[in-house]
Amino acid sequence: MTATAFRTALMFLALAAVLCQAARAEEANGKRPNIVIVMVDDMGWSDPGCYGGEIRTPNLDALAADGLRLSAFYNTGRCCPTRASLLTGLYPHQAGVGAMTFDTGRPGYRGELGRNAVTIAEVLRGAGYRTAMVGKWHLSLTREGPDHMTALNNQRILRQFADPASYPVGRGFERHYGVVWGVINFFDPFSLVENAEPVREVPADYYATDAFSDRAVEWINELSAGEEPFFLYLAHCAPHWPLHALPEDIERYSETYAAGWQAIREARYERQLKLGLFEADNTPLSERLHPRKDWDKNESRAWDSRAMAVHAAMIDRVDQGLGRMVEALKKNGELESTLFLFLSDNGASPEEMGGPGFDRPSQTRAGETITYYGGKPKEKLPGGETTYAGFGPDWANAANTPFRFYKATQHEGGVRTPLVIHWPAGQTAERGSISAEPGHVIDLMATCLEAAGAEYPRVYGEHAITPHEGRSLLPLLRGAKPSERE
């Protein structure tokens, strides 16, 4: 056989393997794969167990052990721009959300998705998919208005929290249960909607993370009964501040963080090396944010260890819901044929709130005063509805081990994202493997479209659409490299 003939044979073998893999995906459930994206908010790179953390995440760890982890996947450093890029495949300024949800009058900073952008939901819905979203949207213009604080405190329910045309149900999702704005009281969220209608009250035992997970499970069960494949996007608010968690979850971590920031960083780093996430010689543990700050001399040790325990509890509760989602897919015979992606929108946050205003309430619905800690003694422990707190820059630095800094910076601690991909019918690469191939949230549009066999439009709703910027990550599941990036 000549060299040319040999290369041709190899090419046909590779093509046959790709076609066989596509056939497996179809055969697994007689239809194109379902697609589920779960995104958490402000989770540190090293928080979950499969990225070196001590936080209990057995369900995510199981998906990672049976799927693929990326160790060099990137976001945009803040929540709104990352959400815009994830959903559109564009850089955030191209989509109109270069910063937050305020209109500055400049093209890249209009504060909501432009009509030159098309969402994954819009494309997949046009390709025959059912589409549903649960959780945090944060891609509509948000403004203060008359009696704003009364409304924010849920003491007056608004008819609209933004222009409904910009809600998820106006951008390709058939249904949405979740919040339009960003920050929430986890026990009684502001801007909670069912499609375009405000939810006027919640049960006494309401907790947003559970409510979102439960709705995702409900819709998985319902959509699995249909003939069409489905796209489900679950955008959790957790573990974004305020530090709100259920007592039983907090108790699980009551002693975990008594050793302090640096001890946790060092332990996580050692686990990361054992997991093979990187090599010590090319990814050293970065210098601590405040190297002269001594945990043993920290007068607020009890409060600070509690704050990190609440952060961990919030992630633990997300993972519990993730387990219920996986079980629902399995029960319905859909897990093998579902492309499942899990990521965070940015690194852990250093933010510490000084007081109420804009998206931060002053009271609960019942009129109880909410405690803020900015510059004040840390006495009342965080975790319940009447406290609004973040865990601060030192814990954020630890949560993003081994990287520098945190959310809202363009250092690795701000822009590096854990990404777990699980698709049994679509993976031929070794299960549980780790890829160091760089990826970015703009790649999820191309990934979803390739899996679905859908075409990215040039025109949508009479609007010319900006070509997407990403590349599909699916070759990584086959042990190959994605296409070259400019």
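Since we're looking at a predicted model, the values are computed, not measured.
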*Please tell me if the side chains of F187 and H244 come closer than 4.5 Å, counting only heavy atoms from C-beta onward.*
yes
*asked:* Any non-hydrogen side-chain atom of Y91 less than 4.5 Å from a side-chain atom of T76?
replied: no
*State, with a plain yes or no, whether a side-chain heavy atom of F102 is found less than 4.5 Å away from one of L141.*
no
*Parallel, tilted or perpendicular for Y177 and F212, by the 30°/60° rule?*
perpendicular
*Taking the six-membered ring for Trp and the full ring for Phe, Tyr or His, determine whether the centres of H440 and Y74 are under 6.0 Å apart.*
no
_If you count every heavy atom of other residues, nucleotides or ligands that lies below 6.0 Å from E201 atom CD, does the total exceed 12?_
no
*Take Y373 and M353 through the side-chain contact (heavy atoms from CB on, under 4.5 Å) test and state the conclusion after the steps.*
CA-CA 7 Å; Y373 299 88; M353 289 59 62; over 6 Å; no
*Are the side chains of F186 and M314 in touch, meaning some heavy atoms are under 4.5 Å apart?*
yes
_Would you say that D316 contacts R252 through its side chain, given a criterion of any heavy-atom pair below 4.5 Å between the two side chains?_
yes
*If you look only at pairs with a residue in residues 157-168, which of them pass as a side-chain hydrogen bond (donor to acceptor under 3.5 Å, both in side chains), with sequence neighbours excluded?*
S140-S166
_Distance alone, cut at 3.5 Å: any donor-acceptor contact between the side chains of Y388 and R360?_
no
_Distance check, rounded to the nearest 0.5 Å: H240 atom NE2 versus C79 atom SG?_
5.5 Å
*Between atom CD of E54 and atom OH of Y257, what is the distance when rounded to the nearest 0.5 Å?*
3.5 Å
_Please report whether the ring centroid of W181 lies less than 6.0 Å from that of F190._
yes
*Do the ring planes of F391 and H311 sit parallel (below 30°), tilted (30 to 60°) or perpendicular (above 60°)?*
tilted
